[in-house]
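One structure is given below, encoded as structure tokens.
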Amino acid sequence: MVIVMASRNREDIDYVVKRVEELGYTAHLIEGVERTVIAAVGDGRGKERLQSLESLKYVERVFPILKSFKLAGRESHEEDTVIDIGPCTIGGKQFVVMAGPCSVESRDQILETAHCVKEAGATILRGGAYKPRTSPYSFQGLQEEGLKLLKEAGEATGLPFVTEVMTPEQVPLVSQYADILQIGARNMQNYGLLTAVGKSDRPVFLKRGMMSTIDEWLMSAEYIMAEGNTAVIMCERGIRTFETETRNTLDMSAVPVIKKLSHLPIIVDPSHGTGQWDYVGPMAKAAVVAGADGLMIEVHPRPSEAFSDGAQSLKPERFAALMKEIQVLVELCGKTLDADTGAAIGAGKN
Ligand code: PEP
Ligand code: MN
């Protein structure tokens, strides 16, 4: 931690040095021309109490040298994390496309969609069985029946699938079926849920909260990793801004920022990020070039009949055309849409 003094008075400086040492840190005094700075070196346990020194009128600022996301941060883990999901790997040379409907609505709908997205080149199926809806009167998802249908569609196509889990109680059941557990934007700071998925052996797809900073999002990843589950996949899905033309503002700059701050893979969701099907393609292409490890795209055989998020869902033929355009960019960026055989960490705990 770094303590910038507002005062050059000897007694004030001595008092702060004494407090730093009482908290178990070693104090190094740096006396500049205009400011005196105290570097407090220690293991971080007294960090919050050191921070409280900022309330003294002769202390200007107290701030950490290292980021607080120790497990999720690149400072402690230089190599990119590569996560093994059955036939594909996330975070390596493979550019992963996860596609499927917002909600699982029926057996026919999910099977038809799974076959279409597989044919177009997607390698992971998505679909919501438990839906976090703004209104309690909206469709809440087929729940366990939806999980069974996803499993069937996954087996029929050979695609692993990702689906949302909304409560800690649902984690064991959803883990029985799903290959990847999704934490939705509305639950990014549900610490009980993060802790529960952190104890599970399934990789976790962590969506960014719509009002969360990148730092808060990485701290949520930290919650999962601190429980032993290091297979965390970050997903940028847009944040709330003053803009009303799009459902959310897709923060594409989060891609290079996450790449710099963290070793975890990052996926972009242009469907929720824009809210409108005709903006999905351009933002999907931008994500490839920005350096994302993959995309999550909502696809529905008949978007006009969708139970949720029809306006942002691509028809299968539009999705297939987009995949062709993406392929060129993926290759240009030195990646491939095909399954990777490179080294990867096992799913979940390792
Ligand atoms: C979803 O993936 O359908 C979903 C509800 O996403 P988000 O949590 O990003 O709104
Ligand atoms: Mn959706």
Side-chain angles (χ1 to χ4, degrees), residues 69-73 77 81-92 96 98 100 103-104 123-132 140-155 159-209 212 216-235 237 258 262-267 269 293-294 296 344-350:
F69 33 86
K70 302 210 179 308
L71 300 169
H77 189 299
T81 282
V82 181
I83 300 170
D84 211 345
I85 318 272
C88 39
T89 50
I90 304 183
V96 171
M98 310 176 170
S103 304
V104 180
T123 41
I124 295 180
L125 175 66
R126 68 142 283 147
Y130 293 90
K131 295 304 301 176
Q140 302 290 311
L142 295 183
Q143 311 198 353
E144 190 171 358
E145 179 56 21
L147 296 175
K148 289 183 179 154
L149 295 176
L150 279 163
K151 183 101 192 154
E152 185 182 342
E155 281 169 4
L159 296 178
F161 74 88
V162 51
T163 196
E164 180 159 352
V165 53
M166 285 171 52
T167 66
E169 296 72 34
Q170 286 167 4
V171 173
L173 180 73
V174 179
S175 304
Q176 270 178 39
Y177 293 93
D179 299 283
I180 308 173
L181 305 177
Q182 174 170 322
I183 300 295
R186 292 154 191 82
N187 270 320
M188 190 208 83
Q189 286 185 313
N190 180 338
Y191 298 117
L193 180 59
L194 299 177
T195 302
V197 295
K199 290 188 166 78
S200 98
D201 62 357
R202 292 278 180 254
V204 179
F205 187 77
L206 179 63
K207 287 199 150 191
R208 179 177 180 181
S212 300
E216 288 163 342
W217 183 22
L218 283 167
M219 287 311 290
S220 293
E222 195 74 17
Y223 259 90
I224 299 167
M225 298 175 85
E227 294 300 324
N229 189 349
T230 54
V232 178
I233 304 147
M234 308 297 279
C235 174
R237 49 77 72 208
I258 289 291
S262 174
H263 52 89
L264 297 172
I266 172 147
I267 303 288
D269 170 354
D293 295 295
M296 171 176 265
I345 64 171
K349 287 179 196 251
N350 58 82

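None of these values were measured; they are calculated from a predicted model.
For the atom pair CD1 (I233) and CD (Q182), the distance works out to 10.5 Å, reported to the nearest 0.5 Å. If you take CG on D293 and OG1 on T81, they are separated by 10.5 Å, rounding to the nearest 0.5 Å. Here CD of E164 is found 6.5 Å from CG of N187. Values are rounded to the nearest 0.5 Å. Taken from CZ in R126 to CG in L150, the straight-line distance is 9.5 Å, to the nearest 0.5 Å. Here the OG-CG distance, from S175 to D201, works out to 6.5 Å after rounding to the nearest 0.5 Å. Atom-to-atom distance recorded for M234:CE and S220:OG is 7.5 Å, nearest 0.5 angstrom.
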Stepwise, does the side-chain contact (heavy atoms from CB on, under 4.5 Å) test hold for M188 with E216? CA-CA 9 Å; M188 190 208 83; E216 288 163 342; 4.2 Å; yes
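Between K199 and V171 the shortest side-chain heavy-atom distance does not fall below 4.5 Å. Inter-residue side-chain proximity for L71 and T230 is flagged as unmet; no heavy-atom pair is nearer than 4.5 Å. Residues L147 and V174 are in side-chain contact: their nearest non-hydrogen atoms beyond the backbone lie under 4.5 Å apart. A 4.5 Å side-chain heavy-atom check between Y130 and T163 finds every atom pair outside the cut-off. Residues I124 and I90 are in side-chain contact: their nearest non-hydrogen atoms beyond the backbone lie under 4.5 Å apart. Within the 4.5 Å cutoff, side-chain heavy atoms of L206 are placed close to those of L194. For the pair P203 and I85, the minimum side-chain heavy-atom distance is below 4.5 Å.
When every heavy atom of M166 is checked against every heavy atom of N190, the shortest pair comes out as O-ND2, 4.3 Å. Smallest separation of non-hydrogen atoms from C88 and T123: SG-O, 3.9 Å. For the pair N229 and V197, the tightest heavy-atom approach, listed with the atom from each and the gap, is ND2-O, 3.2 Å. In this structure, D179 and F161 approach most closely via the heavy-atom pair OD2-N, 2.8 Å. Taking each heavy atom of Q143 and Q140 in turn, the nearest pair found is NE2-O, 3.7 Å. Nearest heavy atom pair, residue S262 against residue L218, reads CB-CD2, 3.8 Å.
With sequence neighbours left out, the side-chain hydrogen bond (donor to acceptor under 3.5 Å, both in side chains) criterion links E145 to no other residue. Remark: Y223 pairs with Y191 by the ring pair (Phe, Tyr, Trp, His ring centres under 6.0 Å) rule, at least two apart or across chains.
Only one option out of E144, R202, K151 pairs with Y177 in a side chain to side chain donor-acceptor pair (under 3.5 Å); it is E144. Partner of D269 under the side chain to side chain donor-acceptor pair (under 3.5 Å) criterion, chosen from K207, R208, R237: K207.
At least one donor-acceptor pair closer than 3.5 Å links the side chain of E222 to the backbone N or O of A72.
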